[in-house]
Amino acid sequence: MGAQQAADRFAELYGAEPEGVWAAPGRVNLIGEHTDYNDGFVMPFALPHQALAAVSRRTDGILRLHSADVEGGIVELRLDALAPESDREWTAYPAGVVWALREAGHEITGADVHLSSTVPTGAGLSSSAALEVVIALALNDLYDLGLPRWKLARLCQRAENVYVGAPTGIMDQTASACCEQGHALFLDTRDLSQQQIPFDLAAEGLRLLVVDTQVKHAHSGGEYGRRRAGCEKGAALLGVDALRDIPYDELDAALARLGDEEEVIRLVRHVVTEDERVERTVALLRAGDPRSIGPILTEGHASLRDDFRISCPELDLVVDTALAHGALGARMTGGGFGGSAIVLAEATDVDTLTKTIEEAFAAASFTTPRAFEAVPSAGARRLV
């Protein structure tokens, strides 16, 4: 239904049927936060929420963009005028992908695009990556570029890093491009090797609840970049290429070598322990014991709150309330400074937990949160 609506709207806007309609999902990161730009491990899965793009090629060097989710008409851009950090609007994400493809030597001669998305923006669920990946996949198909999914993800990351100016890692784009239904993606961000780990909570009587705090965050803000720079400083001081190279059992010795670099010590401790948490989670899921990952999620939140210092009162309230009322585990997910938390719980407890969290937000005079079940879903694909 969504694909047909996108195609019909495209025809209204541009006077002809699109050549196709593509979809790319948002994602939830189960565990492995701020490890991706440290060459570490992450474990996201795709959401049913997705960005749709109805697209046709052009041959005149013009990119025309329209979004159902943003007020205003068609935005027209010249391909030869696309330049990094020249656009601070939503159009930077799809335009950045076109720029990245052309910079990589691929002959893109233009496109008409209509976009719509059900991925909540600013919620830490990778709405921007979904926009990027859906454009990349559409152009890859239409222009017969033959690029594999991991390479499309790399180009989308370059678009966000260089064109948009947000220093994000590779996880979000890879998750959107490569996840499979019913699985979480165990990704090594150094070599981009992937393992699909079965993740069927419903079969175990479990649910994973996403609670969007409605506190918006932005990856291009200075605090995200500051922490990335701090991690890079830590790696340099320790003489390694990336914090991934610090073995977990050598962490205490490594931290002692950092002397009085208090902030760097905290950042390094989070990244090294978070990589170890990903590996523990993978082992438990492979062993068929998803309930036991709950405490690992909670450990991850404490590390993000206390060492990385990217939580906020709303995220902490979700986690604390959920744990106090029977959740198996909970943590913030995404880049931080707002966005969403995840709660692992018995299926029979979800309704009570949701109501209790809403009541806690009301008592704190916070904006009512938005809660929904996260179901591991399919990655990017052509629909029509």
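Excluded from the calculations below are hydrogen atoms, water molecules and symmetry mates; all remaining heavy atoms, backbone and side chain alike, are included.
- Under a 3.5 Å cut-off, the side chain of Asn161 and the backbone N or O of Ala166 do form a donor-acceptor pair.
- By the rule that hydrophobic residues join a cluster once side-chain heavy atoms approach within less than 4.5 Å of another member, Leu285 and Phe41 end up as members of one cluster.
- At a threshold of 4.5 Å between non-hydrogen side-chain atoms, the residues Phe366 and Leu317 count as touching.
- Here the side chain of Arg64 pairs no donor or acceptor atom with the backbone of Ile62 at under 3.5 angstrom.
- The closest donor-acceptor contact from the side chain of Gln196 to the backbone of Cys178 lies under 3.5 Å.
- Residues Phe199 and Phe186 keep their aromatic ring centres 6.0 Å or farther apart.
- Clustering ILVMFWY residues whenever any of their side-chain heavy atoms sit less than 4.5 angstrom apart, transitively, puts Val343 in a cluster other than the one holding Val28.
- His34 and His270 have perpendicular rings, their planes meeting at more than 60° on a 0 to 90° scale where under 30° would count as parallel.
- Side-chain contact, Gln194 with Arg149: no donor N or O sits under 3.5 Å from an acceptor N or O.
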Inset, instruction - Evaluate the side-chain contact (heavy atoms from CB on, under 4.5 Å) criterion for residues Leu125 and Ser340: first the C-alpha distance (whole Å), next the side-chain angles of each, then the deciding distance (0.1 Å), finally the verdict. - result: CA-CA 8 Å; Leu125 304 175; Ser340 299; 4.1 Å; yes

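- No side-chain heavy atom of Phe361 sits less than 4.5 Å from a side-chain heavy atom of Thr368.
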Under 3.5 Å donor-acceptor pairs involving side-chain atoms of residues 129-147, not counting sequence neighbours:
from	atom 1	to	atom 2	distance (Å)
Glu132	OE1	Gln173	NE2	3.0
Asn140	OD1	Gly146	N	3.3
Asn140	OD1	Leu147	N	3.0
Asn140	ND2	Leu147	O	3.2
Asp141	OD2	Trp22	NE1	2.7
Tyr143	OH	Arg58	O	3.3
Tyr143	OH	Thr109	N	3.3
Tyr143	OH	Thr109	OG1	3.1
Tyr143	OH	Gly110	N	3.3
Tyr143	OH	Gly110	O	2.7

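- Remark: of the listed residues Thr281, Thr273, Asp275, Thr273 is the sole one forming a side-chain hydrogen bond (donor to acceptor under 3.5 Å, both in side chains) with Arg277.
- By the rule that hydrophobic residues join a cluster once side-chain heavy atoms approach within less than 4.5 Å of another member, Ile170 and Leu155 end up as members of separate clusters.
- Side chains of Val164 and Tyr93 form a contact here, defined as non-hydrogen atoms less than 4.5 Å apart.
- Across all non-hydrogen atoms, the minimal contact from Glu223 to Arg227 is OE1-NH1, 2.6 Å.
- Shortest non-hydrogen contact noted between Ala378 and Ala46 is O-CB, 3.8 Å.
- Linking Ile, Leu, Val, Met, Phe, Trp and Tyr residues whenever their side-chain heavy atoms come within less than 4.5 Å places Leu206 and Leu284 in a single cluster.
- For the residue pair Val21 and Ala3, the shortest heavy atom distance occurs at CG2-O, 3.8 Å.
- Going from atom OG1 of Thr121 over to atom CH2 of Trp90 covers 13.5 Å, rounded to the nearest 0.5 Å.
- Taking CZ from Arg244 and OH from Tyr37, the interatomic distance works out to 16.0 Å, rounded to the nearest 0.5 Å.
- Considering CG of Leu52 and OG of Ser116, their distance stands at 4.5 Å, rounded to 0.5 Å.
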Legend entry - From CA spacing to verdict: side-chain contact (heavy atoms from CB on, under 4.5 Å), Asp172, Arg27: CA-CA 7 Å; Asp172 296 351; Arg27 65 97 188 96; 2.9 Å; yes

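- Inter-residue side-chain proximity for Val319 and Leu315 is flagged as unmet; no heavy-atom pair is nearer than 4.5 Å.
- Looking only at distances, no side-chain donor or acceptor of His106 sits under 3.5 Å from a matching main-chain atom of Arg102.
- Note that the CD atom of Glu261 and the CG atom of Leu237 stand 5.5 Å from one another [nearest 0.5 Å].
- For the pair Asp307/Ile265, no side-chain contact is recorded, criterion being any heavy-atom separation below 4.5 Å from C-beta on.
- A distance of 6.0 Å or more separates the ring centres of His66 and Tyr14.
- Asp351 and Thr354 share no donor-acceptor pair across their side chains, judged by distance under 3.5 Å alone.
- A donor-acceptor pair shorter than 3.5 Å can be found between the side chains of Asp316 and Ser311.
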Inset, instruction - Quick one: do Glu346 and Arg291 satisfy salt bridge (charged side-chain N to carboxylate O under 4.0 Å, His left out)? Show the steps, please. - result: CA-CA 9 Å; Glu346 302 289 346; Arg291 278 177 175 80; 2.9 Å; yes

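- Here the closest non-hydrogen pair linking Ile246 and Val272 is O-CG1, 3.7 Å.
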Inset, instruction - Check step by step if side-chain contact (heavy atoms from CB on, under 4.5 Å) holds for Ile310 and Tyr224. - result: CA-CA 9 Å; Ile310 56 170; Tyr224 184 99; over 6 Å; no

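- The main-chain N or O of Pro167 is found under 3.5 Å from a side-chain atom of Arg228 such that the two form a donor-acceptor pair.
- Within the 3.5 Å criterion, the main-chain N or O of Asp349 finds no donor-acceptor partner in the side chain of Thr352.
- In this structure, OG on Ser303 lies 10.5 Å from CZ on Arg266, to the nearest 0.5 angstrom.
- One finds the OG atom of Ser292 at 10.0 Å from the CG atom of Leu344 (value rounded to the nearest 0.5 Å).
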Inset, instruction - Any chance you could lay out the salt bridge (charged side-chain N to carboxylate O under 4.0 Å, His left out) test for Arg309 and Glu263, step after step, and finish with the verdict? - result: CA-CA 10 Å; Arg309 299 189 180 178; Glu263 182 177 17; over 6 Å; no

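- With Asp39 contributing its side chain and Arg190 its backbone, the two residues share no donor-acceptor pair below 3.5 Å.
- When hydrophobic clusters are built by joining Ile, Leu, Val, Met, Phe, Trp and Tyr residues whose side-chain heavy atoms come closer than 4.5 Å, directly or via intermediates, Leu201 is grouped together with Ile31.
- The aromatic rings of His49 and Phe372 sit tilted, their planes meeting at an angle between 30° and 60°.
- Residue Glu85 places its CD atom among more than 12 non-hydrogen atoms of other residues, nucleotides or ligands, all under 6.0 Å distant.
- Closest approach of Cys231 to Val271, counting heavy atoms only: SG-CG2, 4.0 Å.
- For the residue pair Ala95 and Leu77, the shortest heavy atom distance occurs at CB-CD1, 3.9 Å.
- In this structure, Thr333 contributes its side chain and Ala341 its backbone to no donor-acceptor pair below 3.5 Å.
- Using a distance-only test at 3.5 Å, with no hydrogens or angles considered, a donor-acceptor pair links the side chain of Asp36 to the main chain of Met171.
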Inset, instruction - Please lay out, stage by stage, how Ile74 and Leu65 fare under the test side-chain contact (heavy atoms from CB on, under 4.5 Å). - result: CA-CA 6 Å; Ile74 295 169; Leu65 300 168; over 6 Å; no

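- By the 6.0 Å contact criterion, CD on Glu12 is enclosed, its count of non-hydrogen atoms from other residues, nucleotides or ligands being greater than 12.
- Using a distance-only test at 3.5 Å, with no hydrogens or angles considered, no donor-acceptor pair links the side chain of Thr213 to the main chain of Gly338.
- Residues Val215 and Glu314 are in side-chain contact: their nearest non-hydrogen atoms beyond the backbone lie under 4.5 Å apart.
- Two residues are said to be in side-chain contact when any heavy atoms from C-beta on lie closer than 4.5 Å; Val375 and Gln181 fail this criterion.
- You'll find the side chain of Val282 reaches within 4.5 Å of the side chain of Met43, heavy atoms only.
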